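Below is one structure, written out as structure tokens; comments come after it.
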Amino acid sequence: MSNLSRVEPFGDGFVSAMCPELILFAGMLALILIPNLGKGTFRIPGTQIRLPWLLGGQRFKITSDPRLPSWLATITLTAAFLNVLYIFSQGLDRTLIVTDSGKELLLINGFSRLFELIFFGALALASLASMNRLQVHGIGSKVSESELYNNRRQADFYILMVTCALGMSVVALAQDLFVLFIGLELASFSTYVLVAFLKESKVGAESGMKYFIVGSVASGVGLYGLSMLYLWAGSLQFSVLSVAFAESGTTALPLIGIGFVLVGFGFKVSAVPFHFAAPDAYAGATSPVAGVLATASKAMGMLGLVRMLLIVAAPESSDGSAIWLVCLGAIAAITMTWGNLAALGSDNPKRMLAYSSVAHAGYMLAALTAVGAWNWDATVSGDASAAAVAVMTALLLHLVVLVAFKLGAFLVLSVLESDGGASRLSSLGGLAKREPLLAVAMFIFMISLAGVPPMAGFLSKLLVIMGIVRVAVGDMGAEIADGGIYAIGDLHWVWWLALLMVLNSAISMFYYLRVGVVMFFEEPEEGREGPLPAGWQVRTAILACVLVTLLVGVAGDSLIRLCEMAAQSLNYEW
Amino acid sequence: MQDWISLPLVGFPLIASVILLAFVSRTDAKMRERLVGPVRMACLVFSLVLLMVTTGMFFQYFGDISWEGISFNSYEYYKQYSWIESLGIHWTVGLDALSFPMVWLTTFLLPVTIIATWNEKNGAMYFPILLAMGGALIGVFVALDLFMFYVFWELTLIPMFFLILVWGGADRKYASQKFFIYTFTASVVMLLGLITLYFFQDPGNPLDYAGTMTGRSFDIPSITQHAFAENSEGWYLGANIQKVLFAMLMLGFLVKLPAVPFHTWLPDAHVQAPTGGSMLLAGVMLKMGAYGMFRLPLSLFPHALEYFQLVLMTIGMISLVWGAIVCLGQTNLKKMVAYSSVSHMGVILIGIATMQPMGWAAALFMMFAHGIISPMLFAVCGAFKHHYHSMEIGAMRGMAKHSPWIATSMMFSWMASLGLPLLAGFVAELMMLIALWYFLVAEGWSVFWMVGPALVLAVTAAYYLWSMQRTIFEGGDETQPPESLHGEPVPDLASPEKLAMLILAAFTILFGVMPWIGLDMMHDWTKQIFEGLIMPILGDFNGGV
């Protein structure tokens with residue numbers, strides 16, 4: 001592990017450490033400026049001399065192209081994604097951005113880099129796919145007024161995509177609750193607008209409103225929690241808070257504060273009972289945006305939970321487990337069961353995917369519970385600590401591969417939406433006849449979501465279950481070898497979470513398979529027999545998702561190693 | 001010795017089918033119609049190559065292998081490649097007298113199924129899926145790594161799901177989903193059992209795999225060896241945990257077998273599945289359950305096996321009796337055959353539960369014999385359905401007159417299934433009865449209990465003969481073709497179907513007259529497993545006959 005270098009903002013090494021974020025920032029500026037470049041001139045006051053200064057006026061042909069923002073955003077996000085990949089290939093850096101007064105602002109290590117990878121990858125795919133979802137009309141030739149307005153909005157949409165990525169990566173890096181909150185709100189507000197972007201449609205406006213109100217209430221509660229933590233510790237620094245927690249974290253004030261903060265992040269991961277807005281938001285948003293909510297936004301929420309629970313609030317109770325353990329375990333159990341049961345009864349594929357995403361949140365919370373069941377500390381030797389790292393690895397891997405198959409499923413729905421709607425399960429009818437490859441891709445995503453080998457979803461779910469079981473078994477294996485005698489009841493109770501998880505996987509089979517049955521089996525809806533609208537961009541994105549789903553499923557070793565490295569870097573001096 | 005041979009055995013059909021499917025799915029309907037011939041021929045050639053390879057393996061063409069004399073927990077063609085290093089997952093393969101007959105059976109049934117369902121609709125997609133099914137099944141049988149085993153175990157569900165869903169009967173949607181979810185639920189419970197077992201290994205000793213995240217291994221041979229060492233000193237993992245893990249693993253296998261009361265998916269799946277699907281499902285897929293029992297719970301947890309012996313015996317008896325009784329009441333030909341499978345799987349379970357070498361050999365041979373006979377049963381059912389558009393037993397009478405080929409095949413396969421001497425099924429049933437006798441004597445129970453299974457064999461004869469009488473012989477006006485044909489010409493088997501029937505019949509006779517071809521290695525292996533595993537751990541129990 002390389003040494004931690006402390007860098008001040010804009011000091012030496014700042015640019016190389018913050019390169020992906022700077023790319024995003026540059027891309028954001030470009031998105032604002034470039035569509036405004038034109039033949040605008042500036043008249044020197046008092047003279048007739050006009051100097052061309054390129055802003056405003058009649059736009060150049062290339063800058064007036066409404067497709068430009070989408071390409072700019074996709075290229076920016078892809079560049080940021082590739083940059084992070086490059087950093088991974090070069091070996092990880094560990095950099096702490098501090099203010100001149102010594103306050104820690106941002107920490108760049110394997111853990112945060114992995115989350116950047118998730119965020120940028122998901123948003124790049126979504127923005128690529130959005131090119132076909134938000135159609136551009138009347139390029140170059142005479143454009144009607146409504147078309148013109150519609151085209152102008154293109155820039156708004158893609159700027160928000162980039163700011164969303166920027167906010168999320170700030171959350172990933174933050175070492176201070178204030179910075180974290182700023183990043184969280186930047187990302188949240190971007191998603192509120194993105195969800196409500198189709199304001200002309202009734203569902204779009206309604207879902208945007210619902211998502212905004214519930215989301216801002218959750219944020220407000222979270223902010224209140226932050227203020228309580230500040231009141232208690234006098235600082236918002238993670239490092240200060242965690243030390244204070246280890247000393248006196250079991251008093252009422254910090255616990256209530258943490259509890260409130262959890263509400264804010266619980267909304268982001270759509271854990272029961274904070275999930276009620278999620279199905280509406282997913283159903284009303286365009287499918288690529290819904291995909292972002294279900295993958296990147298969820299990863300951001302998980303990230304926040306990991307930071308708050310494992311870094312800040314992980315003092316031991318008497319048996320070596322964290323104090324929030326039982327509470328989180330109960331939420332995990334309820335979340336996965338509720339999500340799956342609700343998904344069983346939903347006829348709208350997007351709502352179904354939303355509830356399946358709730359169920360997946362439950363699986364991940366179960367993993368987090370298992371981490372909390374043992375001392376999350378590298379200095380503690382033995383299998384328990386290694387087990388915690390293993391669960392964390394599984395959690396990270398699940399978040400990474402979720403981008404492939406969950407987002408991929410939403411992108412398939414996005415193609416159907418361009419065809420006239422994907423709000424009923426029957427909209428998928430006859431997809432196998434209309435476009436066989438798309439149906440096969442959707443089927444792969446579905447069985448990957450369900451966790452059927454040899455898909456990536458199986459590997460990640462298996463790792464989660466394995467991690468939980470490993471924590472539950474702990475050192476019992478070695479002790480049995482030494483003559484210890486145990487019963488199944490002696491296992492840590494998180495083992496029952498694993499059992500609940502496999503049973504839930506079986507329940508989830510019902511609705512995932514139903515999608516396959518409808519696609520391969522039922523006739524298309526009336527008037528929708530023809531081929532699907534063209535668009536190579538979204539199909540490219542889907543192809544990428546399929547490839548990742550299959551490749552990770554059969555040869556996921558290097559990705560597991562990557563996640564393991566990230567998990568260890570979280571553990572190793574946060 | 002060509003120890004890499006199992007790699008192409010699994011990979012070749014899977015990759016070939018993926019390539020064929022990818023190719024075919026890009027063509028339009030007209031082109032697909034034209035592609036049926038070449039694709040079918042390609043699949044047939046592929047599967048024949050596989051059959052030649054496995055047959056060559058039997059005749060020691062690939063290396064000097066003695067199939068008799070493989071001791072417990074040692075494997076031929078053993079090979080290990082690294083797969084997912086970080087978790088200690090390897091591509092570990094190997095064959096012993098337990099798995100090799102199953103592998104051969106799979107490769108034998110593949111070409112036969114292709115021939116028997118030569119004219120299946122949408123063939124350009126159908127035959128590659130059969131091939132994929134074969135690859136996945138071979139994968140299950142050669143796998144010696146828990147992860148790999150589970151992956152192929154679940155992988156078999158996907159092609160079978162599509163076979164039922166796309167080519168199935170009227171109620172195929174319900175049947176395919178029930179099939180998938182039922183077996184998937186059981187397998188995930190089994191998976192949790194496998195994972196719990198995995199983590200109960202002592203990470204240090206003796207399974208230390210440096211460089212893995214878990215310090216443990218999915219390697220079945222080393223787990224088995226370790227479990228054996230621990231078991232001989234007492235209960236491996238302790239009595240309570242061993243019992244729970246045994247129950248969890250057995251649940252997965254009992255549902256697959258299937259045993260009463262977990263059998264309800266089978267009749268639905270069979271009735272709706274296309275003929276080819278049924279043939280592979282009954283022929284090989286059900287055997288996965290019995291195979292898994294031998295490979296994992298029986299080898300790892302002999303103490304728990306002894307503890308649950310009577311439970312298994314009871315389940316086996318109930319399956320045998322219940323399956324047979326339900327058969328009596330069936331009016332649907334295919335459903336009757338499906339329930340007869342349940343009954344025969346009960347024989348396997350009883351054989352295992354006797355805990356006699358003879359009983360285990362009977363179970364192994366039953367797996368093999370039923371794997372040849374039941375595809376023929378379903379091929380006959382398929383032909384009946386195909387030619388008479390009905391599955392009702394009473395719908396067609398006097399078939400011997402109209403279609404002698406179907407009638408003869410039906411009669412032959414029915415006889416084979418009910419256990420006529422000199423046919424393959426008889427050997428296994430006889431061995432089971434002898435083993436049961438030994439068991440009763442050793443337990444000191446009344447031999448009167450033998451009446452049960454013997455009576456069931458009589459019931460089996462009853463429903464088979466009865467159904468035969470109502471379809472083949474008895475007829476109102478024998479000169480009139482049946483009503484369900486609506487005046488179409490009277491059909492009989494097409495030539496490929498005839499060929500398939502002849503092959504299956506020939507092998508049924510072959511293994512009935514000369515059972516030692518397969519039985520020797522099975523019997524030898526059970527002897528080895530009793531000498532190497534059961535006796536050292538459980539002592540001279542049951543009289544050790």
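Each chain gets a letter, A, B and so on, in the order the sequences are listed, and its residues count up from 1. Predicted model only: the values in this text are computed from it and were never measured.
In this structure, Q177(B) and F510(A) approach most closely via the heavy-atom pair OE1-O, 4.0 Å. Scanning both residues, E522(A) and K173(B), for their nearest heavy atoms gives OE2-NZ, 3.2 Å. Nearest heavy-atom pair, V473(A) versus F199(B), reported as atom, atom and distance to 0.1 Å: CG1-O, 3.5 Å.
Proximity to chain A is absent for every atom of L194(B), based on heavy atoms less than 4.5 angstrom apart. With a 4.5 angstrom heavy-atom cutoff, V244(B) touches chain A only via side-chain atoms. Contact annotation for I158(B): only side-chain heavy atoms (C-beta onward) come within less than 4.5 Å of a heavy atom of chain A. If you measure heavy-atom distances from F147(B) to chain A, the contacts under 4.5 Å come from the side chain alone.
Listed in order of number, the residues of residues 446-454 of chain A that approach chain B to under 4.5 Å between heavy atoms are I447(A), A450(A), G451(A), V452(A), P453(A), P454(A). Proximity to chain B among residues 433-443 of chain A is limited to P436(A), L437(A), F443(A), judged by heavy-atom separations below 4.5 angstrom. At a heavy-atom separation below 4.5 angstrom, chain B is approached by A498(A), L499(A), V502(A), L503(A), S505(A), A506(A) within residues 497-506 of chain A.
In this structure, CG in L165(B) is found 8.5 Å from CZ in F520(A), a value given to the nearest 0.5 Å. Rounded to the nearest 0.5 Å, atoms CG (L192(B)) and CE (M466(A)) are 12.0 Å apart. Taking CD1 of I560(A) as the reference point, atom CD1 of I84(B) lies at 5.0 Å (rounded to 0.5 Å). Rounding to the nearest 0.5 angstrom, the gap separating the CZ atom in R470(A) from the CZ atom in F200(B) is 13.5 Å. One finds the CD1 atom of I507(A) at 8.5 Å from the OG1 atom of T185(B) (value rounded to the nearest 0.5 Å).
Among residues two or more places apart in sequence or in another chain, the salt bridge (Lys or Arg N to Asp or Glu O under 4.0 Å) test is passed with K178(B) by D268(B).
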Original post:
For F458(A) and Y150(B), what are the C-alpha separation, side-chain angles and deciding distance, and is it a ring pair (Phe, Tyr, Trp, His ring centres under 6.0 Å)?
Top reply: CA-CA 11 Å; F458(A) 166 68; Y150(B) 185 77; 5.6 Å; yes
Subject >> Steps toward side chain to side chain contact (heavy atoms under 4.5 Å, CB included) verdict (F161(B), L513(A)) >> reply: CA-CA 10 Å; F161(B) 174 71; L513(A) 274 186; 3.5 Å; yes
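W83(B) places no side-chain N or O within 3.5 Å of a backbone atom of D557(A) that could act as its donor or acceptor partner.
Of the listed residues (K243(B), E154(B), R172(B), E233(B)), the one with the most heavy-atom contacts under 4.5 Å to chain A is R172(B).
Within the 4.5 Å cutoff, no side-chain heavy atoms of I195(B) are placed close to those of I468(A).
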